[in-house]
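Written out below as structure tokens is the structure these notes cover.
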There are 2 protein chains.
Amino acid sequence: MNKYAHSTRILVALDCIVFGFDGEALKLLLIKRNFEPEQGKWSLMGGFLEEEEDLEVATNRILYDLTGLKDIYFEEIKAFGKVNRDPVERTISICFFALINIDAHNQDSAKAQNAYWIDLKNRPDLIFDHNQMVDLALEKLRYKAALHPIGFELLPEKFTIPQLQKLYEAIYDSPLDRRNFSRKILSTNLLIDTGEKNQNSTTKKAILYQLNKEKYQSQFNAFHYFISDSMR
Amino acid sequence: MNKYAHSTRILVALDCIVFGFDGEALKLLLIKRNFEPEQGKWSLMGGFLEEEEDLEVATNRILYDLTGLKDIYFEEIKAFGKVNRDPVERTISICFFALINIDAHNQDSAKAQNAYWIDLKNRPDLIFDHNQMVDLALEKLRYKAALHPIGFELLPEKFTIPQLQKLYEAIYDSPLDRRNFSRKILSTNLLIDTGEKNQNSTTKKAILYQLNKEKYQSQFNAFHYFISDSMR
DNA sequence: TTTTAATTGTGTAAATATAACACAATTTTG
DNA sequence: CAAAATTGTGTTATATTTACACAATTAAAA
């Protein structure tokens, strides 16, 4: 059997929602398009699946081209497949979101793609069905972050508990109780006290922690609440 | 702009894990292939995405052809996209699972596809990456059913609490406490007492409930634990 | 007809987790 | 050295979860 008789072969795109956190708000790495179609408009970073390329390889390639980073945390969201979603040609898009440390990516890579960090709350209108993709990505991020400790992917190597809290507050767009949050996080035993303190602060300096990576790996699928308070 | 310059257009398949519940165990509706490739072997039900067909439309078509049912609950799992996953030709597969009432489907439709209900625990080896698909589907089903009341999709219109419990025990392959389960379920207020009793039983006849569909719709994304006990 | 076995429905107390809240310690600035 | 901002930790009330027991229903067996 050489090929399938079935005739409909179509373009497969990948589109990626890249989340970052600047210490205050959730950010998206968006493309100001300097190419057709829809030149001049905003879109997600994307690309086409190549002939001899595994889907995950393509995902990593696209993320690498945008950020200069490898081994980025990403998660598939959904395949978007409306017939006319792309006016140029029938294309299905496998959509995923990625979490990166905003300070660690390669600025030149981003510049080469004409990518900019945009506040999630001030995001411009995006082309095609990319707005829907972002909405769904945020929903999935919230869902996942409530059950698995993925927030760390958005922070630098060393971070403080107040920073982590601000991140979760940004993800859920709602305040958390400082004392309960701290207890909850520390009870997971996922954090290692580095002995250092955050020197950036203008008041009391917070303890810098780092992730216990072995524990993180092993507990990742333990599948329990990570947040608490009024998050449910 | 007429078409994208990019050349790689590939086949897009859809593959579906259909779950059912016979009152005792979880079942899969699997295809004994009487067509090439891999004739004689077992596989998931699948099909190719057509030229002018939305992805969701294709999903519904494939489910309809197999079961004769419309408006089936289904959920996308993941796109499988290894280069050589299908030895005949490069094909990506959008994989999803569906939940149906095992008694409600059209037997002739299943027969036409050469489909059989197989105990999840006794499932035969499947072609291509279909084993992986089933593994992932079960994982996602467990994940989702812990947080959202999707179990009802597998039961008849009217059902008893002991039936519902057996279903959850089958999904998680572990026993649940009868008293705690019952309280948990009833506290959701998702069940309406029909006033009838299950006549099939040889001992005490259990109350038949039906789903409060408005409440089910509105609470579906409330995103709280549905199960309890040692499930976490 | 009565007893037995299986199953269903409901209750209760202990343990655990969550929510709500208060105070002391640290650090820079004025 | 006082003031303002922020961090770390403790305590109590409430809610949820767990673990376990008993009474009621039904068909079949004695």
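Numbered from 1 within each chain, the chains take letters A, B, ... in sequence-line order.
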Please list, one pair per line, the donor and acceptor atoms closer than 3.5 Å that link side chains of residues 103-113 of chain B to other protein atoms, with sequence neighbours excluded.
unit_1	atom_1	unit_2	atom_2	d
B/H105	NE2	B/W117	NE1	3.1
B/N106	OD1	B/D108	N	2.8
B/N106	OD1	B/S109	N	3.1

Expressed as a whole number of angstroms, how long is the span from B/K184:NZ to D/dT16:P? 9 Å
Using a 4.0 Å cut-off on protein heavy atoms (strictly under), produce a 5'-to-3' string for nucleotides 3-13 of chain C with B for base contact, S for backbone-only sugar-phosphate contact, and - for none. ---BBBBBBB-
Partner residues of B/K205 under the side chain to side chain donor-acceptor pair (under 3.5 Å) criterion, sequence neighbours left out: none
How long is the line joining CD1 of B/I185 and P of D/dT17, in whole Å? 12 Å
Could you check whether A/R179 pairs with A/D177 (Lys NZ or Arg NE/NH1/NH2 to Asp/Glu carboxylate O, under 4.0 Å)? yes
May I have the distance from A/K197 (atom NZ) to C/dT27 (atom C1'), rounded to whole angstrom? 10 Å
May I have the list of side-chain donor-acceptor pairs in residues 66-74 of chain A shorter than 3.5 Å, sequence neighbours left out?
unit_1	atom_1	unit_2	atom_2	d
A/T67	OG1	A/L63	O	2.7
A/T67	OG1	A/L69	N	3.0
A/Y73	OH	A/E75	OE1	2.5

Nearest-Å distance, CZ (A/F181) to C1' (C/dA20)? 17 Å
ring-ring contact (aromatic ring centres under 6.0 Å, His included) partners for B/Y209, two or more places apart: none
Kindly write out the residues that satisfy side chain to side chain donor-acceptor pair (under 3.5 Å) with A/K78, not counting sequence neighbours, or none if the list is empty. none
